[in-house]
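It should be emphasised that the depicted structure is a prediction, and the values quoted were computed from it without experimental measurement. Throughout, a chain's letter reflects where its sequence line sits, starting with A, and its residues are numbered from 1.
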2 protein chains.
Amino acid sequence: MTVVEDRRSRRTRGALRDALVSLVLERGYAAVTVEDIVAAADVGRATFYTHFRDKEALYDHVVSSVLEELEERLAEVLAPEDAGFTGQPVAEVFRHASERPDAYRMILRGEGDGRGLRAFEDAWSATAHETFTARVKANAVRPRVDLQVLARAWVGEQMAVLLWWLDAPEPRPATDQVVETLVELSRRGRFWATGFDPDSR
Amino acid sequence: MTVVEDRRSRRTRGALRDALVSLVLERGYAAVTVEDIVAAADVGRATFYTHFRDKEALYDHVVSSVLEELEERLAEVLAPEDAGFTGQPVAEVFRHASERPDAYRMILRGEGDGRGLRAFEDAWSATAHETFTARVKANAVRPRVDLQVLARAWVGEQMAVLLWWLDAPEPRPATDQVVETLVELSRRGRFWATGFDPDSR
DNA sequence: CTGTTTCTGGACATGCTGTCTATGATCTCC
DNA sequence: GGAGATCATAGACAGCATGTCCAGAAACAG
């Protein structure tokens, strides 16, 4: 019944997910065929199509599973109405990424025509936008730039660094250290980061 | 002779380039076939293969043509040894993008398995890295973060904003205004941008 | 053991790919 | 305006991945 179909089905789907991710990282999304996937997952080709309509469907399945996990995490971290920016959401993303590095690598590299990357950007920048809006509200000030643009810029910066970090050779800088750097970049601005502030001399 | 082959050849290649870009923007890289391209460019299918080995080759051709143009521009702007960061390189990228918006859209959206996007990132962040290094040197200071990371973050931020800007509905904010915002974001940091600096109260 | 569900190999039509060849179109130069 | 070069074209071809289908094998619950 449902118990059986769930257990067996889950195992198969999981194998297909893992096979897709590792194959895509190995040779790129376009170069991976359904045959490759089922061979790596050790299932029959016909089986693939009983679970997913096509390669894209499997890809979307991977992306949304990652996204759902991340959203749960962020919801927990953002729960306290501490609207101030503490770097906790950023740290959470990095932590999650370090738990599923391959899936993150695949998504952030823009594999699969970048659909996953865009979904990711949207979700993440929505959170960022909320944070910024809350901070502006809490302090009753008027923002000097479009908060949407600000959120996009902020997310773009972090995705770039996250991808760099995932691909960095071991020993990789600790999560907290990278996050701290990012937060300081945001806080102090980039001029400060180079050790030179043209305004303060 | 060479004159003939150049004129006719150029027209054909140009038509193919334009066809690829507009079709990719319309329905996505993977969904565009060589047949579609030659139909849109109004050339025979066989002709395609006398110019490009396959769809990827045409795509790469588009990307590198854009990249070469951009690099020329940046070289001009960076010529004076004003190593200080003035926003001129950023402005130049935005100006170039507004002249070839569709090609930029295609690349920045990560179409074509993101190969173009990565090439773009690399070129751009190399320039950024040079700028930062020069500034550090000119002021004989020690950077507080890895300049490579800084460059990546900076480029990620700008690519995200550039893409947003290209897709923004008309009337689009003026180039100079967006660039100014980006420069101020870098200069002052993001906290300032929201009108609230936790350090200065 | 029985019945249900999932997995499987193999066969099939389809569509796109990249190559080739013979022919047609276009232009230069004389 | 004709000769010669270069590019464009249609059509045919094999190769390969796709997505669908079916009949039977395997795994499991009760």
Chi angles and distances behind the salt bridge (charged side-chain N to carboxylate O under 4.0 Å, His left out) call for B:R109, B:D167
CA-CA 10 Å; B:R109 278 181 197 166; B:D167 285 339; 3.0 Å; yes
Those residues that, when tested against A:E111, pass side-chain hydrogen bond (donor to acceptor under 3.5 Å, both in side chains) (two or more places apart)
none
In whole Å, I'd like the distance from the [atom1] atom of [X] to the [atom2] atom of [N].
{"X": "B:R13", "N": "D:dA8", "atom1": "CZ", "atom2": "C1'", "value": "15 Å"}
{"X": "B:F52", "N": "C:dT19", "atom1": "CZ", "atom2": "C1'", "value": "18 Å"}
{"X": "A:D54", "N": "C:dG15", "atom1": "CG", "atom2": "C1'", "value": "15 Å"}
{"X": "A:K55", "N": "D:dG19", "atom1": "NZ", "atom2": "P", "value": "9 Å"}
{"X": "B:L16", "N": "D:dA8", "atom1": "CG", "atom2": "C1'", "value": "12 Å"}
{"X": "B:R10", "N": "C:dT26", "atom1": "CZ", "atom2": "P", "value": "21 Å"}
{"X": "B:E56", "N": "C:dG18", "atom1": "CD", "atom2": "C1'", "value": "14 Å"}
{"X": "B:I37", "N": "C:dC16", "atom1": "CD1", "atom2": "P", "value": "12 Å"}

Across all chains, not counting sequence neighbours, the side-chain contact (heavy atoms from CB on, under 4.5 Å) partners of A:D176 are A:R95
Residues in side-chain contact (heavy atoms from CB on, under 4.5 Å) with A:E68, at least two apart?
A:S64
Polar atoms only, N or O, under 3.5 Å: list the protein pairs with nucleotides 7-9 of chain C and their distances.
unit_1	atom_1	unit_2	atom_2	d
C:dC7	OP1	A:T12	OG1	2.5
C:dC7	OP2	A:H51	NE2	2.8
C:dT8	OP2	A:G44	N	2.8
C:dT8	OP2	A:T47	OG1	2.9

Verdict with supporting geometry, A:R187 and A:E184, salt bridge (charged side-chain N to carboxylate O under 4.0 Å, His left out)
CA-CA 5 Å; A:R187 185 187 297 273; A:E184 277 304 320; 3.7 Å; yes
Ring centroids only, cut at 6.0 angstrom: are B:Y104 and B:F120 within range, meaning strictly under it?
yes
One would report the end-axis bend of the helix from C:dC1-D:dG30 to C:dC30-D:dG1, five pairs per end and rounded to 10 degrees, as 30°
So that I can tick it off, tell me whether A:R152 and A:E157 are bridged by a salt bridge, with the cut-off set at under 4.0 angstrom between side-chain N and carboxylate O.
no
Contacts table for residues 13-28 of chain A: side-chain donor-acceptor under 3.5 angstrom, sequence neighbours left out:
unit_1	atom_1	unit_2	atom_2	d
A:R17	NH1	A:H61	NE2	3.2
A:S22	OG	A:A19	O	3.4
A:R27	NH1	A:D36	OD2	2.9

Please state whether the phosphate of D:dT20, meaning OP1 or OP2, lies under 4.0 angstrom from any side-chain nitrogen or oxygen of A:Y49.
no
Has the side chain of B:K137 got a donor or acceptor atom that lies under 3.5 Å from a matching backbone atom of B:F132?
no
